[in-house]
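What you see below is based on every heavy atom in this structure, not just the backbone, and it leaves out hydrogens, waters and symmetry mates. Residue numbers start from 1 in every chain, and the chains themselves are labelled A, B, ... in the order their sequence lines are given, proteins ahead of strands. Computed from a predicted structure; not experimentally measured.
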Amino acid sequence: MAKGITSRSENYSQWYNDIVMKADLAENSGVRGSMVIKPYGYAIWEKMQAQLDKMFKETGHENAYFPLLIPKSYFSKEANHVDGFAKECAVVTHYRLKNGSSGIEVDPEAKLEEELIIRPTSETIIWNTYKKWIQSYRDLPILLNQWVNVVRWEMRTRLFLRTAEFLWQEGHTAHATKKEAMAETTQMINVYSEFAQNWMAMPVIIGSKSESERFAGALETLTIEALMQDGKALQSGTSHFLGQNFAKAFDVKFADKEGKLEYVWASSWGVSTRLMGALIMAHSDDKGLVLPPKLAPIQVVIVPIYKGEEQLEAIRKVANKISDSLRAKNISVKFDDRDTHRPGHKFAEYELKGVPVRLAIGPKDLEKGSVELARRDTFEKNFVSQENIDVYIENLLEEMQNSIFEKAYKFREEKTYKIDSYDEFKKQIIDNPGFYLAHWDGTTETEEKIKTETKATIRCIPLDAEDEEGVCMVTGKPSKRRVIFAKAY
RNA sequence: CGGGGCGUAGCGCAGCCCGGUUAGCGCAUCUGCUUUGGGAGCAGAGGGUCGCAGGUUCGAAUCCUGCCGCCCCGACCA
């Protein structure tokens, strides 16, 4: 029995919190909604970052950095964009403190002429900059990304899933044609999908957002949607086709080959530390975190079981040899020879932290030339030979990566239903949450009605959905394809 | 911002209703010995502005007033 982890069936959100805390991923800070990401949690994020960054660069993008503080006036330039973000902006109004009667206070003398907004996203400051960079079609495309923190003053926050300050990357591209900007938007949602599925072992559905769920200022929002173990959907990454909205707002024009002035076409795309939440909820169990091997900071841990210094030394020799052979294959290993904790404690701890493979080496193994190998995802344990164990583990990690994906995929398939009756839908979405494929008449009113009555929203209109003639489950009006409804985080 | 709950040791809590010696318990920490193939045992030790400010009282963690903070549920959202 895991010490102090609430089971999923008992209280899912408590289970989630317990994992985050007990696996040492993050904790709340003194500021509501702002979290401290602890070393182990940050190590996972770094692995995600490294891979995504590589994929961005492989698709021709470069990294840059734009400032944290954005003049308030920039926000008023794109009407939809302001509407979307105005309610959740942190605003800097002063630049100095002083000693007052009741301690340190804001110096009223030091009021800013123009207030500064702490970026909730960077379209405005970036397009203000692009204006200076773009004159001709020869300056295009611009393909930039930045890894930064942003602040959105959310009313209710949850570790990783929704925090007031979060880490993310935001890509911002500028193109000469609509076609190219659209292609970029699609390319990047595919990059996210590939990352989610191949690295996070998390199946996702690619789709476009309905108008009401679209990014503020976008003409089209593509999304990857994943299903969590409680049957709720998590939007895990988005890629936006911004049309010429920001170019118009910031007056960014370029001369095309004929010398005609045209507005620039844009895309933006991002994933955040919310992916950590997705990773946790997609795979973990009542014993703790389950990590796909490709994102595990420690892939193999070796726990010695010994009596006395002499035996530990003998085990250390074997452990070092195994570690060296694994590291030669780029597999991360930790030999935990702490004398302050007993083996059982360590076993539980590494299960909690989701280390994929655990080796235990004791006197029996020294005799037999074996090790005890336990895999985190299935809890299977067996004794394997020390001979060629590096090859064995290399294959095993790959198998686990696949098997974790398969499990999540199977779960999603089991929780995906076609539904045609609205009455049935209302009942099922509560009793048996999951992805519901239903016909919808395409109107915001119907979408709104469903949201009010069931709390379910349209997660996306899947890109690969087959055409299927049908009628809207609410209004009976004609529909050409099914969309995905679910309750969402 | 509306509804509910809670602030007592690093963490989790009891005590408060019904005021009364030195404010307890579990986990964690420290020391020592024994232990080590699934979260060790025993013995001892350290650690508190009882959220803050007033008030009532001979006496306040406990009663009263005000303030602050946090958590949960809703509206908002990656």
Novice: Give the rounded distance in Å between these two atoms: NZ of A/Lys451 and C1' of B/G74.
Specialist: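 Distance, rounded to whole Å: 13 Å.
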Novice: Distance only, no hydrogens: is a donor on one side chain within 3.5 Å (strictly under) of an acceptor on the other, for A/Asn149 and A/Arg119?
Specialist: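 Yes, A/Arg119 and A/Asn149 have a side-chain donor paired with an acceptor closer than 3.5 Å.
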Novice: Distance only, no hydrogens: is a donor on one side chain within 3.5 Å (strictly under) of an acceptor on the other, for A/Gln299 and A/Lys294?
Specialist: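 Short answer, no.
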Novice: Measuring only the C1' atom in each nucleotide, how far is B/G38 from B/C6? A whole number of Å is fine.
Specialist: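 Those two atoms are separated by 37 Å.
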Novice: Using the C1' atom as the point on both nucleotides, what is the distance between B/G69 and B/C50, in whole Å?
Specialist: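 Result for the C1' pair: 16 Å, nearest Å.
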Novice: Should the pair A/Trp199 and A/Phe195 be assigned to parallel (<30°), tilted (30 to 60°) or perpendicular (>60°) ring geometry?
Specialist: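 Aromatic pair A/Trp199/A/Phe195 classed parallel.
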Novice: Could you give the distance separating B/C71 and B/G66 at their P atoms, to the nearest angstrom?
Specialist: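 B/G66 and B/C71 have their P atoms separated by 24 Å.
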Novice: Does the plane of the ring in A/Phe56 sit parallel, tilted or perpendicular to the ring in A/Tyr192? Use 30° and 60° as the thresholds.
Specialist: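 If you compare the ring of A/Phe56 with that of A/Tyr192, the planes turn out perpendicular.
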Novice: For RNA chain B, find the residues of residues 265-284 of chain A with a heavy-atom distance under 4.0 Å and give them by number; none if there aren't any.
Specialist: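 The answer is A/Ser272, A/Arg274.
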Novice: Between A/Ala216 and A/Asn28, which has a closest nucleotide on RNA chain B that is more 5'?
Specialist: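 Nearer the 5' end of the strand: A/Asn28.
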Novice: List for me each residue that meets side chain to side chain donor-acceptor pair (under 3.5 Å) alongside A/Thr454, sequence neighbours excluded, and say none if there are none.
Specialist: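 So A/Thr454 forms no side chain to side chain donor-acceptor pair (under 3.5 Å) with any residue.
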Novice: Sticking with atom P, work out how far B/U49 lies from B/G10, rounded to a whole angstrom.
Specialist: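 The answer is 7 Å between these two P atoms.
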Novice: May I ask you to decide if the ring planes of A/Phe425 and A/Phe485 are parallel, tilted or perpendicular, using 30° and 60° as cut-offs?
Specialist: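 Perpendicular: the ring planes of A/Phe425 and A/Phe485 meet at over 60°.
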Novice: With heavy atoms under 4.0 Å as the rule, sort A/Phe383 into base, sugar-phosphate or nothing.
Specialist: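 It contacts base atoms.
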Novice: Given atom CD of A/Glu351 and atom C1' of B/G38, what is their separation to the nearest angstrom?
Specialist: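 These atoms are roughly 8 Å apart.
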Novice: Would you sort out whether A/Phe215 and A/Phe85 count as a ring pair (Phe, Tyr, Trp, His ring centres under 6.0 Å), showing the intermediate values?
Specialist: CA-CA 10 Å; A/Phe215 177 74; A/Phe85 288 103; 5.8 Å; yes
Novice: Say we look at B/C18 and B/G74: how far apart would their P atoms be, to the nearest angstrom?
Specialist: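 It comes out at 35 Å once rounded to the nearest Å.
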Novice: Sort out the partner of B/G37 for me: Watson-Crick or G-U wobble, both distances under 3.5 Å, none otherwise.
Specialist: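 Partner of B/G37: none.
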Novice: Does this structure show an ion pair linking A/Glu27 with A/Lys38, if we count only N-O contacts that are shorter than 4.0 Å?
Specialist: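 Judged by the 4.0 Å cut-off on N to carboxylate O distance, A/Glu27 and A/Lys38 do form a salt bridge.
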Novice: Just to be sure I understand the rule, does A/Ser13 reach a base, reach only the sugar-phosphate, or reach nothing, if contact means heavy atoms closer than 4.0 Å?
Specialist: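 Counting heavy atoms under 4.0 Å across all strands, no contact is made by A/Ser13.
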Novice: Could you tell me how far apart A/Asp337 (CG) and B/U36 (C1') are, to the nearest whole angstrom?
Specialist: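 After rounding, the reported distance stands at 14 Å.
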Novice: Within the 4.5 Å heavy-atom criterion, are A/Lys353 and A/Lys22 side-chain neighbours or not?
Specialist: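 They are not in contact (no side-chain heavy atoms under 4.5 Å apart), so the answer is no.
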Novice: Check each residue of residues 291-313 of chain A for a non-hydrogen atom within less than 4.0 Å of any atom in RNA chain B, then write out the ones that pass by number, or none.
Specialist: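 Residues of residues 291-313 of chain A under 4.0 Å from RNA chain B: A/Ile305, A/Tyr306, A/Lys307.
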Novice: Nearest nucleotide by nearest heavy atom, which residue falls closer to the 5' end of RNA chain B, A/Asn17 or A/Ala164?
Specialist: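 This one resolves to A/Asn17.
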Novice: Considering only atom P, compute the distance from B/G55 to B/C11 and round it to an integer number of Å.
Specialist: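 Those two atoms are separated by 30 Å.
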Novice: In whole Å, what is the span from the CG atom of A/Asn149 to the C1' atom of B/A78?
Specialist: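 Taking atom C1' of B/A78 as the reference, CG of A/Asn149 is at 15 Å.
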Novice: Could I get the full list of salt bridge (charged side-chain N to carboxylate O under 4.0 Å, His left out) partners for A/Glu170, not counting sequence neighbours?
Specialist: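 Residues passing salt bridge (charged side-chain N to carboxylate O under 4.0 Å, His left out) with A/Glu170: none at all.
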Novice: If the plane angle is over 60° it's perpendicular, under 30° parallel, otherwise tilted; pick one for A/Trp127 and A/Tyr130.
Specialist: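 The rings of A/Trp127 and A/Tyr130 stand perpendicular, inter-plane angle above 60°.
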Novice: When both hydrogen-bonding distances must be under 3.5 Å and the geometry is Watson-Crick or G-U wobble, what is B/C25 paired with, if anything?
Specialist: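 Result: B/G12.
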Novice: May I ask which nucleotide in the shown strands pairs with B/G7, Watson-Crick or G-U wobble, both distances under 3.5 Å?
Specialist: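 Checking every strand shown, B/G7 finds its partner in B/C68, with both distances under 3.5 Å.
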Novice: Among B/A40, B/A75, B/A78, which nucleotide has an atom closest to any side-chain atom of A/Glu154?
Specialist: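 Shortest atom-to-atom distance from the side chain points to B/A78.
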Novice: Once you apply a heavy-atom cut-off of 4.0 Å, does A/Tyr489 come out as touching a base, just sugar-phosphate, or nothing?
Specialist: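 The residue A/Tyr489 makes no contact with any strand.
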Novice: CZ of A/Phe347 versus P of B/U36: gap in Å, rounded?
Specialist: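 Checked: the CZ to P distance equals 14 Å.
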Novice: Tell me: NZ of A/Lys22 to P of B/C27, nearest whole Å?
Specialist: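 Distance check: A/Lys22 NZ to B/C27 P gives 15 Å.
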Novice: Hey, is the side chain of A/Arg158 poking within less than 4.0 Å of OP1 or OP2 on B/C72, counting only N and O atoms?
Specialist: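 For B/C72, neither OP1 nor OP2 has a side-chain N or O of A/Arg158 closer than 4.0 Å.
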Novice: Which one, B/G38, B/C76, B/G39, comes nearest to the side chain of A/His345?
Specialist: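 Output: B/G39.
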Novice: Hunt down the Watson-Crick or G-U wobble partner of B/G74, both distances under 3.5 Å, from any strand shown, or write none.
Specialist: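 By the stated definition (distances under 3.5 Å), B/C1 pairs with B/G74.
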Novice: Only pairs with both distances under 3.5 Å count, Watson-Crick or wobble alike; so what is the partner of B/G46 in this structure?
Specialist: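 Check on B/G46: unpaired, no WC or wobble geometry under 3.5 Å.
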Novice: Contact list please: residues 353-382 of chain A against RNA chain B, heavy atoms, distance less than 4.0 Å, in numerical order.
Specialist: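 Residues of residues 353-382 of chain A under 4.0 Å from RNA chain B: A/Arg358, A/Ala360, A/Gly362, A/Pro363, A/Lys364, A/Asp365, A/Glu372, A/Lys381.
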Novice: Can you find a donor-acceptor N/O pair under 3.5 angstrom joining the side chain of A/Glu349 to the base of B/G39?
Specialist: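 For A/Glu349, whose side chain was compared with the base of B/G39, there is no donor-acceptor pair (under 3.5 Å).
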Novice: What distance, rounded to whole Å, do you find between the two P atoms, one in B/G24 and one in B/A45?
Specialist: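 Their P atoms lie roughly 14 Å apart.
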Novice: What residues form a side chain to side chain donor-acceptor pair (under 3.5 Å) with A/Arg274, not counting sequence neighbours?
Specialist: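 For A/Arg274 there are no side chain to side chain donor-acceptor pair (under 3.5 Å) partners, ignoring immediate neighbours.
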Novice: Rounded to the Å, how far apart are A/Ile315 CD1 and B/G37 P?
Specialist: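 It is 12 Å, rounded to the nearest whole Å.
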Novice: Salt bridge check, A/Arg358 against A/Glu349: does any charged N sit closer than 4.0 Å to a carboxylate O?
Specialist: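 Not counted as a salt bridge, because no side-chain N and carboxylate O are separated by less than 4.0 Å.
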Novice: For A/Glu27 and B/G10, what is the distance between atoms CD and P respectively, to the nearest whole Å?
Specialist: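 Going from A/Glu27 (CD) to B/G10 (P), I get 15 Å.
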Novice: Can you tell me the pairing partner of B/G20 across any strand shown, Watson-Crick or G-U wobble, with both distances under 3.5 angstrom?
Specialist: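 Partner of B/G20: B/C58.
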Novice: One thing to verify: whether A/Glu220 and A/Lys209 come together as a salt bridge, which I'm taking to mean a side-chain N less than 4.0 angstrom from a carboxylate O.
Specialist: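 A salt bridge is absent here (no side-chain N lies under 4.0 Å from a carboxylate O).
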Novice: For atom C1', what is the distance between B/C76 and B/A60, given to the nearest Å?
Specialist: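 Roughly 43 Å separates the two C1' atoms.
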